[in-house]
Amino acid sequence: MVSKLEKYVGLAKDLHMIEAMLITPQDICFDIRALLKCRWGCEDFFQNIRCHHRDTSLQERMEMIKKYNHILLVHSHDAHELSKAILEIERAAFLDGYYFAFGVRLCNLCEVCAVKQGHACPTPLKVRPCDQSFGIDVYKTVRNLGLPCEVLQSKDDIQNRYGFVLLD
């Protein structure tokens, strides 16, 4: 089955992503402190559609990810393009019969978030949960896989953004 999934690595590259690789849930580093950063380190917590937990506990969210056999890890420098690519790959996988395909990535679809401006989200069905809300330590996960992820020291530093597409 892995060879069939390689097509999504190619799709990510076609969508101008820097890197894409198939990983397993065992490659994901979970740490409850990621949720700490999510809840108290993010100005959007509970003020944004992106932050809703949909009545699931952290344990349930971690177990959801662990139920998958394959995960596509996608790397980009552009948050907006990454969010679009994650959704496009998720949709392609779904249409290929992977009906549980699901993206995990902080939503950056709109240039300016309508919800932050007090308006309804124009794309609520495209919003996906943030990796931190699932307890994923993205820094450790990607570093263990040999990918770059550093704390930015200035606004001019190149950002390394990551997203996940759960595939089964």
Ignoring hydrogens, what is the shortest heavy-atom contact between Ala120 and Ala114? Give both atom names and the distance.
O-CB, 3.6 Å
Search all heavy atoms of Gly103 against all heavy atoms of Pro129 and return the closest pair with its distance.
O-CD, 3.9 Å
Is there a path from Phe164 to Met21 through hydrophobic residues (I, L, V, M, F, W, Y) whose side chains come within less than 4.5 Å of each other?
yes
Does Arg61 use its side chain to pair, donor to acceptor, with the backbone of Thr56 at less than 3.5 Å?
yes
Interatomic distance, NZ@Lys84 vs CZ@Arg105, rounded to 0.5 Å, equals 13.5 Å
Test Tyr162 against every option in Leu147, Val74, Leu106 by the side chain to side chain contact (heavy atoms under 4.5 Å, CB included) rule and name the one that passes.
Leu147
Is it the case that the side chains of Gln59 and Ser57 hold a donor-acceptor pair, with the cut-off being a distance below 3.5 Å and no angle test?
no
The test is side-chain contact (heavy atoms from CB on, under 4.5 Å); show your working for Tyr139 and Asp31 and say whether it passes.
CA-CA 11 Å; Tyr139 284 85; Asp31 192 317; over 6 Å; no
Taking the side chain as C-beta and beyond, is there a heavy-atom pair between Ser83 and Arg161 under 4.5 Å?
no
Working to the nearest 0.5 angstrom, can you tell me the gap between Leu36 CG and Leu58 CG?
11.5 Å
Student check: side-chain heavy atoms of His70 and Asp168 closer than 4.5 Å
yes
Verify same cluster id: Met64, Leu73 (apolar side-chain graph, 4.5 Å):
yes
Salt bridge Arg91-Glu88, side-chain N to carboxylate O under 4.0 Å
no
Salt bridge (charged side-chain N to carboxylate O under 4.0 Å, His left out) between Asp96 and Lys7: does it pass, once the steps are laid out?
CA-CA 11 Å; Asp96 287 343; Lys7 93 180 248 184; 2.7 Å; yes
Go through it in stages, so that I can follow the logic: the residues are Tyr98 and Lys4, the test is side-chain contact (heavy atoms from CB on, under 4.5 Å), and I'd like the CA-CA distance, side-chain angles, deciding distance and then a yes or no.
CA-CA 11 Å; Tyr98 299 101; Lys4 289 171 96 175; 3.8 Å; yes
Side-chain (Asn144) to main-chain (Thr141) donor-acceptor, under 3.5 angstrom
no
Taking atom CE of Met62 and atom CZ of Phe134, what is their separation to the nearest 0.5 Å?
11.0 Å
What's the spacing between Leu72 CG and Leu167 CG if we round to 0.5 Å?
6.0 Å
Tell me if a side-chain donor or acceptor on Asn160 pairs with a main-chain N or O of Cys149 at a distance below 3.5 Å.
no
Quick check on the hydrophobic clustering: are Leu152 and Leu82 connected, directly or via other members, by side-chain heavy-atom contacts under 4.5 Å?
no
If you count the non-hydrogen atoms of other residues, nucleotides and ligands that lie under 6.0 Å from NE2 in His16, is the total more than 12?
no
Test Val9 against Leu22 for side-chain contact (heavy atoms from CB on, under 4.5 Å), laying out the working first.
CA-CA 7 Å; Val9 172; Leu22 289 165; 4.1 Å; yes
Decide yes or no for Lys66 and Gln26: does some side-chain heavy atom of the first lie under 4.5 Å from some side-chain heavy atom of the second?
no
Show your working on side-chain contact (heavy atoms from CB on, under 4.5 Å) between Gln132 and Arg33 and close with a plain yes or no.
CA-CA 9 Å; Gln132 286 182 332; Arg33 294 174 294 180; over 6 Å; no
Ile158, CD1: over 12 other non-hydrogen atoms inside 6.0 angstrom
no
Between Phe30 and Ile65 the two heavy atoms that sit nearest each other are CZ-CG2, 3.8 Å
Just checking, Lys67 and Phe100: is the charged tip under 6.0 Å from the six-membered ring centre and within 45° of the axis?
no
Ile86 side, atom CD1; Leu166 side, atom CG - distance, nearest 0.5 Å:
9.5 Å
Heavy-atom closest pair (Ala34 atom, Gly135 atom, distance to 0.1 Å) is CB-C, 3.8 Å
Which heavy atom in Glu150 sits nearest to a heavy atom in Arg143, and how many Å separate them?
OE1-NH2, 3.4 Å
Taking every non-hydrogen atom, the tightest pair across Gln153 and Asp157:
N-OD2, 2.6 Å
Measuring from Leu109:CG to Leu87:CG, what's the distance to the nearest 0.5 Å?
5.5 Å
